[in-house]
Number of protein chains: 2
Amino acid sequence: MATKETKQRGRPRSFDRETALEQAVRSFWEQGYEATSISDLTRAMGISAPSLYAAFGDKRALFDEVVAEYGRLYGGFISRAVAEEPTARRGVERALREAAAEYTAPGRPRGCLVISAALNISPASAEVAASLREMRRSNLREIASAVRADVAAGELPADTDADALADYVGAVIQGISQQARDGAERTALEAVVELAMRAWPEAAAESRSAAGARPAP
Amino acid sequence: MATKETKQRGRPRSFDRETALEQAVRSFWEQGYEATSISDLTRAMGISAPSLYAAFGDKRALFDEVVAEYGRLYGGFISRAVAEEPTARRGVERALREAAAEYTAPGRPRGCLVISAALNISPASAEVAASLREMRRSNLREIASAVRADVAAGELPADTDADALADYVGAVIQGISQQARDGAERTALEAVVELAMRAWPEAAAESRSAAGARPAP
DNA sequence: GTTTTTCTGTAGCGAGCGATACACAAATCG
DNA sequence: CGATTTGTGTATCGCTCGCTACAGAAAAAC
């Protein structure tokens, strides 16, 4: 699907589409959707406005591609951590630690694009905000699902409120992203993660034997 | 200072300045600094642009007044909670519970203006963002100070990292504000607060006798 | 070669932005 | 009363926004 089918017919594109997209990612990541103008984008991408519109459609379509690219390159670590670790606790702890690292990684914009790019949007761009919000909700559902699986496995107390726990994790992640944007250092955010994980419920003592085995959600 | 000195000389203002300011607070609270246009403001305040500029200066000066008014009417509860409660733990718990209530109060914009009004700002308005950031930092300093006082009083373990604990509380508050803006209900945020407080360090068992007495910072 | 297709650069569209010039209205002061 | 001071309404200003018309450039197809 992504490979060129045959030789293209007309004048070839004079810039690398992937490289330009990567610069668009950085621009939107730094300033958010509305605060990033077409002029900002053409400057960062090194192309003119008509080239941008020919290659990516309009600003909204470019942003959609940017979000997908961001997810592919930088944003998937939460889903990955929760899916790969054997317990919800370990998945969440890994996700939070990676968040502290990712959101302060040198040479990149701070924080999370999905969290911060569509804050304070004017009504005209409400759809963009709704789209990113749904992505965040999806992440929380994954976490809540992992928590429920741990409860079923006796890895967490039976009265654990999975949705509340997922909301809590989401609040901490959003807070970490925000503080990273405010200039917080990685070590400070790791200390926050350390504290945040102290709120994790303790497993009932007698049923910790089944650790590592988790039924599919 | 705020009272009229004598009878004013020229044509009197045809609108109530305080009421108009209150509408400006709502507009900036809902949409943030940059996403709120002068046109939005004049519509909400029920006055024309020249009247706005005559009464409040420019957009930036109006926003500064809005921030001050917001702090006076809605924003002081964190400082109040931390200052009035006898221990840092009780102060923070009260602050978080009040945040869950305030940020979802019916008939008001969701979340906290100081947290959300200057997110995703373009470089031209960087000063506005810096100003609100400094207010947030000031709140965290108050919390860290209360924590240090509790450590000195034996109310918290001697190895408690006051700055990290304050950063954690700040992250939770920002997360709660964000989720409130995303539509979370008060009860859901209260569950998040309940969980967040489980991370609070336990006092060393033998020195809890001095509860209620705290030396001034 | 000529034709066809596609991309690029210039230049500019209508709309909205923050902010204001200017004439008129409404009050106090003498 | 006239003079002075201050606020209001209309009608913009210069600027930037997202976006595009149009002509020319660069490739394949014939």
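Quick note on labels: first sequence line is chain A, next is B, and so on, each numbered from 1. Because the structure is predicted, anything quoted here is derived from the model rather than measured.
The interatomic distance linking B:R43 (CZ) with C:dG16 (P) rounds to 11 Å, in whole Å. The CZ-C1' distance, from B:R17 to D:dG7, rounds to 14 Å in whole Å. Between the P atom of D:dT8 and the CZ atom of B:F56 lies a distance of 10 Å, rounded to the nearest Å. Atom pair B:M45:CE and D:dG9:P shows a separation of 14 Å (rounding to whole Å applied). Atom OH in A:Y33 sits about 12 Å away from atom C1' in D:dC17, given to the nearest Å. Separating the NZ atom of B:K59 from the P atom of C:dC17 is a distance of 9 Å, rounded to the nearest angstrom. In this structure, B:R13 places its CZ atom 14 Å from P of C:dA27, rounding to the nearest Å. One can place CD of A:E34 at 19 Å from P of D:dT16, the figure rounded to the nearest angstrom.
When all heavy atoms of B:R137 and A:D182 are compared, the closest pair comes out as NH2-O, 3.0 Å. Nearest heavy atoms, B:E22 versus B:L73: OE1-CD1, 3.2 Å.
There is no side-chain donor-acceptor pair under 3.5 Å between A:E155 and A:T87.
Looking at heavy-atom distances under 4.0 Å, B:A55 makes no contact with the nucleic acid at all. Nucleic acid contact class of B:P12 (heavy atoms, under 4.0 Å, all strands): sugar-phosphate only. At the heavy-atom level, B:R9 lies under 4.0 Å from base atoms of the strands shown.
Electrostatic pairing of B:R72 and B:E69 counts as a salt bridge here, judged by a charged N lying under 4.0 Å from a carboxylate O.
In the set D:dT5, D:dT8, D:dG18, the nucleotide with an atom closest to the side chain of A:Y53 is D:dG18. Taking the side chain of A:I38 as heavy atoms from C-beta on, and the options C:dG9, D:dT8, D:dC19, the nearest nucleotide is D:dC19. Each of C:dG9, D:dT8, D:dT20 was ranked by its minimum atom distance to the side chain of A:S48; first place goes to C:dG9.
Toward the 5′ end of DNA chain D lies the nearest nucleotide of B:S51, the other residue of the pair A:S39 and B:S51 mapping further downstream. Both A:F15 and B:T36 sit near DNA chain C, but only A:F15 has its closest nucleotide nearer the 5' end.
For the pair B:R90 (side chain) and B:E84 (backbone), a donor-acceptor distance under 3.5 Å is absent. Here the side chain of A:S177 pairs a donor or acceptor atom with the backbone of A:C112 at under 3.5 angstrom.
If one axis is set at each end of the helix from C:dG1-D:dC30 to C:dG30-D:dC1 from five pairs, those axes are 10° apart, to 10°.
At least one side-chain nitrogen or oxygen of B:S37 sits closer than 4.0 Å to the OP1 or OP2 atom of C:dC17.
Ring geometry for A:Y33 versus A:F28: interplanar angle under 30°, hence parallel rather than tilted (30 to 60°).
Counting atom types as modelled, A:R11 pairs a side-chain N or O with a base atom of D:dA25 as donor and acceptor under 3.5 Å.
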Kindly indicate, with the supporting measurements, whether the criterion side chain to side chain contact (heavy atoms under 4.5 Å, CB included) is fulfilled by B:L62 and B:L21. CA-CA 8 Å; B:L62 171 59; B:L21 180 60; 4.0 Å; yes
